[in-house]
Amino acid sequence: MSLVIMLICILGIICDEIGHELIPNMTDNRFLNFFFEYRFVMKIMVLLLAVCGVFDIWIFVCFIFFEIFYVVAGIVFERYN
């Protein structure tokens, strides 16, 4: 993986983290709150990189499955904790 691709992914992660922490306190916009609650910046970054041929589309599919199971695990953990 090249340094440029790594920096693009890091930028997406930073945007997700900042948005996840700050946006709910700054606005009541439901779309923005949902967008940053589920950290869609990185999902869009990985999709764009896959569409551009940097990653295989299966990398994106696996990334989405990881995200889905991460959310499901959080729901299960909260329910039984």
- Message: Using the rule given for side-chain contact (heavy atoms from CB on, under 4.5 Å), can you reason through I8 versus V4, listing the C-alpha separation, both sets of side-chain angles and the distance that settles it, and then say yes or no?
- Response: CA-CA 6 Å; I8 290 171; V4 174; 4.1 Å; yes
- Between I13 and L11, is there a shared hydrophobic cluster once you connect ILVMFWY residues whose side-chain heavy atoms come closer than 4.5 Å? no
- Task: Spell out, yes or no, whether M6 and I14 are grouped together once hydrophobic residues are joined by side-chain heavy atoms under 4.5 Å, including indirect joins.
- Result: yes
Should [X] and [Y] count as side-chain neighbours, where that means a heavy-atom distance under 4.5 Å?
X	Y	result
F36	E21	no
E67	R39	no
F55	I5	yes

- Item | For E37, salt bridge (Lys or Arg N to Asp or Glu O under 4.0 Å) partners two or more places apart | none
Calculate, to the nearest 0.5 Å, the distance between atoms [atom1] and [atom2] belonging to [X] and [Y] respectively.
X	Y	atom1	atom2	value
L7	S2	CG	OG	8.5 Å
C15	M45	SG	CE	6.0 Å
I10	L3	CD1	CG	8.0 Å
F60	L47	CZ	CG	4.5 Å
Y80	I75	OH	CD1	12.0 Å
I57	L49	CD1	CG	10.5 Å

- Query: Taking atom CG of D56 as the centre, does the number of heavy atoms from other residues, nucleotides or ligands within less than 6.0 Å exceed 12?
  - Reply: yes
- Pick one: which of V71, N33, D16 meets side chain to side chain contact (heavy atoms under 4.5 Å, CB included) with Y38? V71
- Message: I need the minimum non-hydrogen distance between P24 and G19, along with the two atoms involved.
- Response: CD-O, 3.6 Å
- Item | ILVMFWY cluster membership beyond Y70 - transitive side-chain contacts under 4.5 angstrom | F66
- Hey, would you say the F40 and F34 ring centroids sit under 6.0 Å apart? yes
